[in-house]
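Below is one structure, written out as structure tokens, with a few remarks after it.
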Amino acid sequence: MSRVTANISTSLDGFVCGPNDSRENPLGDGGERLHEWVYDLASWRGIHGIDGGETSRDDEIFAASIENVGAVVMGRRMFDNDSGPWGEDPYDGHWGENPPFGVPVFVLTHHAREPLELEGGTTFTFVTDGIESAVESAKEAAGDADVSVAGGGSTIQQTVEAGLLDELEIHLVPVLLGDGVRLFGRSDVGGIDLERTRMVESPDVTHVRFRVRA
């Protein structure tokens, strides 16, 4: 059965990106620390065209998070750390000509743009009519496969608040960023219950998976 899932690394104080994020500094000051646990894993290196890498429980968890993904949803800030009009020469995203997704990606934005087709099976489609539309389009594209909500924090929060997310896995990194972009900010929506279904510890990160209760 197709699911809508999210996997994201967070600091101990709840940030998914450090302060002062920009196109040149996409993870913000100190934000790179949140992802150091993944860079040497064989599964992560494989989707980025890099040989070798570690095989471990962390590697198994990351590999499982991407193995059945048929489409991706992300926010505009994850795509290019911007929110304004695209301009005459719009940026093609942080991942170059051959992004690691290999599936349709739906980017939530306030500004219309023609789809962007890149190498390796990745096509970015820019959705201007809300999170429900983005997830619905992603489900249609994914078929029986899963939809991954890649981030950032606001997009995952919107998906939870709309009752569209089935599963959330937080990769909790033992670092305090102090400022930046939070996974969950203030919200008028409350009373959303999550059930912890798995917790796996390793030296650099703790993986905590939740089922979002209807």
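A salt bridge links Arg113 with Asp92: the distance from a Lys NZ or Arg NE/NH1/NH2 to an Asp or Glu carboxylate oxygen falls below 4.0 Å. Between Glu136 and Lys139, no side-chain nitrogen of the basic residue sits less than 4.0 Å from a carboxylate oxygen of the acidic one, so the salt-bridge criterion is not met.
Contact of the Leu116 side chain with the Phe126 side chain is registered, since non-hydrogen atoms from C-beta on lie closer than 4.5 Å. The shortest side-chain heavy-atom distance between Thr109 and Thr128 falls under the 4.5 Å cut-off. Annotation: side chain of Trp86 is not in contact with side chain of Glu114 (no heavy-atom distance under 4.5 Å). Using a 4.5 Å heavy-atom threshold, the side chains of Arg198 and Ile61 count as touching. Considering only heavy atoms from C-beta on, Leu27 stays 4.5 Å or farther from Leu34 through its side chain. Taking the side chain as every heavy atom from C-beta outward, Val135 and Phe106 never approach each other to under 4.5 Å. Residues Gln157 and Arg182 have side chains not in contact (no heavy-atom distance under 4.5 Å, counting atoms from C-beta outward). In this structure, the side chains of Met199 and Thr206 come closer than 4.5 Å at one or more pairs of heavy atoms.
Going from atom CZ of Phe62 over to atom CD of Glu54 covers 13.5 Å, rounded to the nearest 0.5 Å. Here CZ of Phe101 is found 10.5 Å from CG of Leu118. Values are rounded to the nearest 0.5 Å. Here the straight-line distance linking atom CD of Glu161 with atom OG of Ser154 works out to 8.5 Å at 0.5 Å rounding. Distance check, rounded to the nearest 0.5 Å: CG of Leu165 to OG1 of Thr5 gives 7.0 Å. To the nearest 0.5 angstrom, Glu132 atom CD is 8.5 Å from Gln158 atom CD. To the nearest 0.5 angstrom, Glu201 atom CD is 12.5 Å from Arg57 atom CZ.
In terms of hydrophobic clustering, with Ile, Leu, Val, Met, Phe, Trp and Tyr side chains grouped at heavy-atom distances under 4.5 Å, Ile8 and Val208 are assigned to a common cluster. When hydrophobic clusters are built by joining Ile, Leu, Val, Met, Phe, Trp and Tyr residues whose side-chain heavy atoms come closer than 4.5 Å, directly or via intermediates, Val38 is grouped together with Leu177. Cluster membership check: Ile47 does not share its hydrophobic cluster with Trp95, using side-chain heavy-atom separations under 4.5 Å among Ile, Leu, Val, Met, Phe, Trp and Tyr. Clustering ILVMFWY residues whenever any of their side-chain heavy atoms sit less than 4.5 angstrom apart, transitively, puts Val212 in the very cluster that holds Ile170. Hydrophobic clustering (ILVMFWY, side-chain heavy atoms < 4.5 Å, transitive): Val107 and Met78 are in one cluster.
The nearest pair of heavy atoms linking Asp129 to Val127 is OD1-CG1, 3.2 Å. Closest approach of Ala145 and Ser2 over heavy atoms only: O-OG, 2.6 Å. Considering every non-hydrogen atom in both Cys17 and Gly28, the closest pair reads SG-N, 3.8 Å. Of all heavy-atom pairs spanning Ile131 and Val73, the tightest one is CD1-CG1, 4.2 Å. When all heavy atoms of Ala150 and Val72 are compared, the closest pair comes out as CB-CG1, 3.8 Å. For the pair Thr122 and Gly102, the tightest heavy-atom approach, listed with the atom from each and the gap, is OG1-N, 2.8 Å.
Heavy-atom contacts from other residues, nucleotides or ligands closer than 6.0 Å to CZ of Arg209 number more than 12. At most 12 heavy atoms of other shown residues, nucleotides or ligands fall within 6.0 angstrom of atom CD in Glu97. Residue Glu36 places its CD atom among more than 12 non-hydrogen atoms of other residues, nucleotides or ligands, all under 6.0 Å distant.
A donor-acceptor pair under 3.5 Å is formed between the side chain of Arg45 and the backbone N or O of Asp51. At distances below 3.5 Å, at least one donor-acceptor pair connects side-chain atoms of Arg76 with backbone N or O atoms of Gly84. With Ser148 contributing its side chain and Ala6 its backbone, the two residues share no donor-acceptor pair below 3.5 Å. Not a single donor-acceptor pair under 3.5 Å links the side chain of Asp146 to the backbone N or O of Val69. For Thr10 (side chain) and Phe15 (main-chain N/O), no donor-acceptor pair under 3.5 Å exists by modelled atom type. In this structure, Asp13 contributes its side chain and Gly178 its backbone to a donor-acceptor pair below 3.5 Å. Here the side chain of Asp59 pairs no donor or acceptor atom with the backbone of Leu41 at under 3.5 angstrom.
Using a 30° and 60° split on the angle between ring planes, His171 and Trp37 fall in the tilted class, from 30° to 60°.
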Yes or no on side-chain contact (heavy atoms from CB on, under 4.5 Å) for Asp204 and Val173, after CA distance, side-chain angles and deciding distance?
-> CA-CA 7 Å; Asp204 299 316; Val173 179; over 6 Å; no
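Between the side chains of Asn81 and His94, at least one donor N or O lies within less than 3.5 Å of an accepting N or O. Side-chain polar atoms of Asp58 and Ser202 form a donor-acceptor pair below 3.5 angstrom.
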